[in-house]
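The first residue of the sequence shown is numbered 1, and numbering continues consecutively from there. It should be emphasised that the depicted structure is a prediction, and the values quoted were computed from it without experimental measurement.
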Amino acid sequence: MSESTRPDRSFQAKAFDGFVQGLKGVWRNELYAKVIDEAVETGANSVSDLELAMTGSPQYAMYAWLERFTQQMSLVGRWGMYRELKPQMEKLSTQLDEAAGRNPERLNLDPYLPLPEYLTETEIHQYSGGLWESDMGGYALEGRTEKSSFSMLEPDQPLAWYAEYIRDTVAPARILDLGCARARSTRAMKRAMPNADIHGCDLCGPILRLAHLRNLEENLTITLWQRNAEDTGFDAAGFDLVTSHWLIHEMPPAAVRRMIAEGWRLLKPGGTFAIYDMYITPGGVVGEWLHAGYAARNNEPFAYPVARMDLKAEVESAGFVEAQVALSGLQATPEALRGELPNCRIHYMSVITGRKPDTS
């Protein structure tokens, strides 16, 4: 394709992005520090008590407002992603149609796939209409996540770290990436392990179309499937690694358990199951409270319940051995390992792994 497949951004939109990012900087630094000081002084020993104690704080009110509405501004504000994308969607969708005709065996869509209510009834991350209804959602997600990661690192750095970690610790030959969305994590693994046979699956057909286009642009051979991570339909014992990135916090606990069980079914003996997601929250009650508030304000109703699951025990109860739960190596600072709060607001990523016993 000779013409750019990236949406055009006006000068006003780019300037608006800078304004919103500046507001996020105030939220992440100055307001965060004031809110933390107040929260610690309350002496509250539960999330509910701390929320009640902080209700009258002007600093916390502004912190909470910015946490929710900077996301809304970036998406549906005067120069937000959706308003910029709408007049371009005919062209962008045509490009996706053309891409779908190239190496079509690598894009396997199922328009009749039943979608769970936890997907269709929640506008996760405040994306209007969710990510499953139209091509626009995928481009909006791309526009937001290419600016900075939720962990406040360079967007691709956490993915590159994880892919290299998998390569160096597991060295899988055949990989399934559950809930791959735009396949950013899938592409990172393909870059790190070019000889591996890599597959990605997701519930959302439109976003897989965009993933396929980006795979083609990088000349990366990745096969995509529109399937449910809880019941993929793949043959049993067919993969060396079943993994997910940034998925389980968007699923209710019961669905997470089914996904873990499906991982067990899909893995060859000796294979590895791995999750890369928000889970460990350093900072005691205050850290847990911040995470619960973020989940509520960013339309992620399952993030806090999943963070309260004992994922090590869940992985072990599914039959895996050598289960481990640890902070990402990028963020496992001495302070974080001691359970201390960071100096600015970030999202910590954790790695949860287990191995299917080798019966040979």
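At a threshold of 4.0 Å, the pair D17-R9 counts as salt-bridged, since one of the basic side-chain nitrogens sits closer than that to a carboxylate oxygen. The pair R214-E142 meets the salt-bridge criterion, with a side-chain N (NZ, NE, NH1 or NH2) lying under 4.0 Å from an Asp/Glu carboxylate O. In summary, R191 and E218 engage in a salt bridge, as defined by a charged side-chain N under 4.0 Å from a carboxylate O. Comment: R209 engages D135 in a salt bridge, judged by a side-chain N to carboxylate O separation of less than 4.0 angstrom.
For the 3.5 Å distance criterion, the side chains of E288 and T281 fail to qualify, holding no donor opposite an acceptor. Between H125 and Q71, the side chains place no donor N or O within less than 3.5 Å of an acceptor N or O (distance only, hydrogens not considered). Under the 3.5 Å distance criterion, with hydrogens and angles disregarded, no donor-acceptor pair is assigned to the side chains of T223 and E105. Side-chain N/O atoms of N298 and Q126 include a donor and acceptor closer than 3.5 Å. In the model, N215 has no side-chain atom that pairs as donor or acceptor with a side-chain atom of R106 under 3.5 Å.
Of the possible donor and acceptor atoms, none in the side chain of E335 sits under 3.5 Å from a partner among the backbone N and O of E340. In terms of modelled atom types and a separation under 3.5 Å, the side chain of T70 and the main chain of K24 share no donor-acceptor contact. When atom types are taken as modelled, the side chain of D358 and the backbone of P269 share no donor-acceptor pair closer than 3.5 angstrom. For the pair R258 (side chain) and A229 (backbone), a donor-acceptor distance under 3.5 Å is absent. For the pair D277 (side chain) and H245 (backbone), a donor-acceptor distance under 3.5 Å is absent. A donor-acceptor pair under 3.5 Å is absent between the side-chain atoms of R265 and the main chain of I260, judged by distance alone. At least one donor-acceptor pair under 3.5 Å links the side chain of N29 to the backbone N or O of G25. In terms of modelled atom types and a separation under 3.5 Å, the side chain of K356 and the main chain of T272 share no donor-acceptor contact. In this structure a side-chain-to-backbone donor-acceptor pair under 3.5 Å is present from T42 to A39. The backbone N or O of A99 lies less than 3.5 Å from a partner atom in the side chain of H212, making a donor-acceptor pair.
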Expected list for residues 113-124: side-chain donor-acceptor pairs under 3.5 angstrom, two or more places apart:
{"unit_1": "Y118", "atom_1": "OH", "unit_2": "E230", "atom_2": "OE2", "d": "2.5"}
{"unit_1": "E123", "atom_1": "OE2", "unit_2": "G129", "atom_2": "N", "d": "2.8"}

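Inter-residue side-chain proximity for I222 and H199 is flagged as unmet; no heavy-atom pair is nearer than 4.5 Å. Under the 4.5 Å side-chain criterion, counting only non-hydrogen atoms from C-beta, R345 is in contact with L290. You'll find the side chain of V285 stays beyond 4.5 Å of the side chain of S46, heavy atoms only. L327 has its side chain out of reach of M349: every pair of non-hydrogen atoms, C-beta onward, lies at least 4.5 Å apart. Side-chain contact between W264 and V315: absent, with no pair of heavy atoms (C-beta onward) separated by less than 4.5 Å.
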Steps toward side chain to side chain contact (heavy atoms under 4.5 Å, CB included) verdict (V20, W79) | CA-CA 11 Å; V20 174; W79 290 289; over 6 Å; no
Audit row: Y279, Y348, side chain to side chain contact (heavy atoms under 4.5 Å, CB included) steps and yes/no | CA-CA 7 Å; Y279 181 62; Y348 284 99; over 6 Å; no
Output, in order, the C-alpha distance, side-chain angles, deciding distance and verdict of side chain to side chain contact (heavy atoms under 4.5 Å, CB included) for F19 and M73.
-> CA-CA 10 Å; F19 170 69; M73 292 165 69; 3.6 Å; yes
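Here ring pair (Phe, Tyr, Trp, His ring centres under 6.0 Å) pairs that include residues 299-319, with residues two or more places apart or in two chains, number zero. Within the structure, every pair that satisfies the side chain to side chain donor-acceptor pair (under 3.5 Å) test and touches residues 309-323, not counting sequence neighbours, is listed here: R257-E314, K312-E316, E322-R355.
Of all the heavy atoms in A196 and I175, the pair that sits closest is CB-CD1, 4.2 Å. L208 and C180 make their closest contact through CD2-SG, 3.7 Å (heavy atoms, listed as atom of the first residue, atom of the second, distance).
Aromatic ring centres of Y60 and W289 lie closer together than 6.0 Å. Ring centroid separation for the pair Y63 and W27 comes in under the 6.0 Å cut-off. Ring-centre distance between Y165 and Y276: not below the 6.0 Å cut-off. Taking the six-membered ring for Trp and the full ring otherwise, H347 and Y294 have centroids separated by under 6.0 Å.
In this structure, R174 is positioned above the aromatic face of F239, its NZ or CZ under 6.0 Å from the six-membered ring centre and within 45° of the axis.
Every side chain to side chain donor-acceptor pair (under 3.5 Å) that S74 has, sequence neighbours left out, goes to R144. With sequence neighbours excluded, the residues forming a side chain to side chain donor-acceptor pair (under 3.5 Å) with R68 are N299, listed by chain and number. For R184, the side chain to side chain donor-acceptor pair (under 3.5 Å) partners are D156, not counting sequence neighbours.
Both L176 and L247 are assigned to one and the same hydrophobic cluster, defined by single-linkage of ILVMFWY side chains at heavy-atom distances under 4.5 Å.
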